[in-house]
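Following: one structure in structure tokens, then a few remarks.
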Amino acid sequence: MNNKVTILGIPFDNMTRKEFLSVLYKRMEDKEKTFLVTANPEIVMFAKSNEDYFKLLLEADFIAPDGIGVVRAAKTLNTPIKERVPGFELMLGLLELANMEGKRVYFIGAKEDVLNLTIENVKKEWPHIEIAGYHHGYFDHDDPEKIQMVKEANADIVLVAFGFPRQEEWIKKYLNEVEHGIAVGVGGSFDVISGKTKRAPFLVQRFHVEWLYRLIKQPSRYKRMSVLPLFLREIYKQKKRKSEI
Ligand code: UDP
């Protein structure tokens with residue numbers, strides 16, 4: 001069911017959202033610890049310029065193709081992937097699973113008020129989730145006591161919302177200390193669950209222009225998004241190199 005598609009050195013797992021969830025569920029049942037990354041073009045480009053982060057991503061157990069940019073890139077390289085697996089939707093899938101199975105979820109990240117609203121909404125939306133604990137994301141991320149605190153909560157799933165690369169760096173340290181559990185960086189997802197940031201309307205999502213919608217709503221994202229053309233340029237370079245081999 002799974003094979004890898006490498007884009008600018010990052011090995012993406014070629015699975016549908018459903019396949020990801022079924023593999024993750026199995027690992028949760030088997031108590032295997034799991035480092036899940038959802039990587040979009042920004043993350044791929046960041047890894048390209050930062051060797052430590054690049055190596056860190058290679059340590060992930062799974063890398064999901066987050067966003068249409070990654071799917072287009074795979075197609076351009078003649079190694080198509082099945083579908084885009086937006087990080088936000090994968091996280092919702094994990095919360096659904098946790099709700100069905102009464103699993104323990106720890107929520108770490110975002111500002112305190114955002115996190116509190118997130119927890120309120122989680123309790124309403126997924127009442128059977130066992131909230132293993134929660135903590136805002138504004139603390140020294142090198143503090144081992146915080147790792148200990150989350151470890152003691154004995155969660156099946158840890159959602160880390162610090163934004164990249166902070167969240168993946170923290171996850172690595174956390175997973176070094178624990179025996180089991182899925183840990184995944186979820187970026188600004190708590191801002192969405194809390195209702196602070198709205199996701200794009202359905203039609204915008206459907207036509208894969210969520211990035212444009214976000215840009216209009218939040219012009220400060222412009223600098224970060226300007227990475228997309230650079231990403232595409234790198235993809236064409238990789239394609240050219242491949243065709244020369
Ligand atoms: N955040 C955090 N701790 C930090 C920096 C950021 O908890 O030290 C949170 C921030 O409040 C937001 C989330 O991380 O909820 C994502 O931040 P950002 O928009 O910078 O990242 P992205 O969504 O692009 O990954």
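When a ligand or atom number is given, it counts from 1 through the structure's own listing order.
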Applying the side chain to side chain contact (heavy atoms under 4.5 Å, CB included) criterion to Asn121, which one of Lys124, Lys123, Glu125 satisfies it?
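Checked Lys124, Lys123, Glu125 against Asn121; only one passes side chain to side chain contact (heavy atoms under 4.5 Å, CB included): Lys124.
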Counting only heavy atoms, which portion of Glu42 has something under 4.0 Å from ligand 1: side chain, backbone, both, or neither?
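It is neither part, as no heavy atom is under 4.0 Å.
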Applying side chain to side chain contact (heavy atoms under 4.5 Å, CB included), can you list everything that pairs with Pro144, at least two apart in sequence or on another chain?
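So Pro144 forms no side chain to side chain contact (heavy atoms under 4.5 Å, CB included) with any residue.
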Atoms in ligand 1 flagged as close to [X], the criterion being non-hydrogen separation under 4.0 Å:
| X | result |
| --- | --- |
| Asp191 | 12 (C), 15 (O) |
| Ala161 | 1 (N), 2 (C), 7 (O), 9 (C), 13 (C), 14 (O) |
| Gly188 | 16 (C), 23 (O) |
| Phe164 | 25 (O) |

Just distances here: any N/O of Tyr138 and N/O of ligand 1 closer than 3.5 Å?
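The answer is yes, given that Tyr138 and ligand 1 share an N or O pair closer than 3.5 Å.
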Gly109 N/O to ligand 1 N/O under 3.5 Å:
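Between Gly109 and ligand 1, no N or O pair is found under 3.5 Å apart.
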Using the ring-ring contact (aromatic ring centres under 6.0 Å, His included) criterion, which residues pair with Phe139? Sequence neighbours excluded.
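In terms of ring-ring contact (aromatic ring centres under 6.0 Å, His included), with neighbours along the sequence ignored, Phe139 is linked to His135, His141, Phe162.
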Between Tyr106 and Tyr134, does the ring centroid distance fall short of 6.0 Å?
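Not under 6.0 Å, so no.
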Taking atom types as modelled, find out whether His180 and Asp30 have a side-chain donor-acceptor pair closer than 3.5 angstrom.
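No pair is found: no donor N or O on one side chain lies under 3.5 Å from an acceptor on the other.
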Heavy-atom count around Lys146 NZ within 6.0 Å, excluding the residue itself: above 12?
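Counting other residues, nucleotides and ligands, NZ of Lys146 exceeds 12 neighbours.
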Does some non-hydrogen atom of His141 fall short of 4.0 Å from ligand 1?
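His141: in contact with ligand 1 (<4.0 Å).
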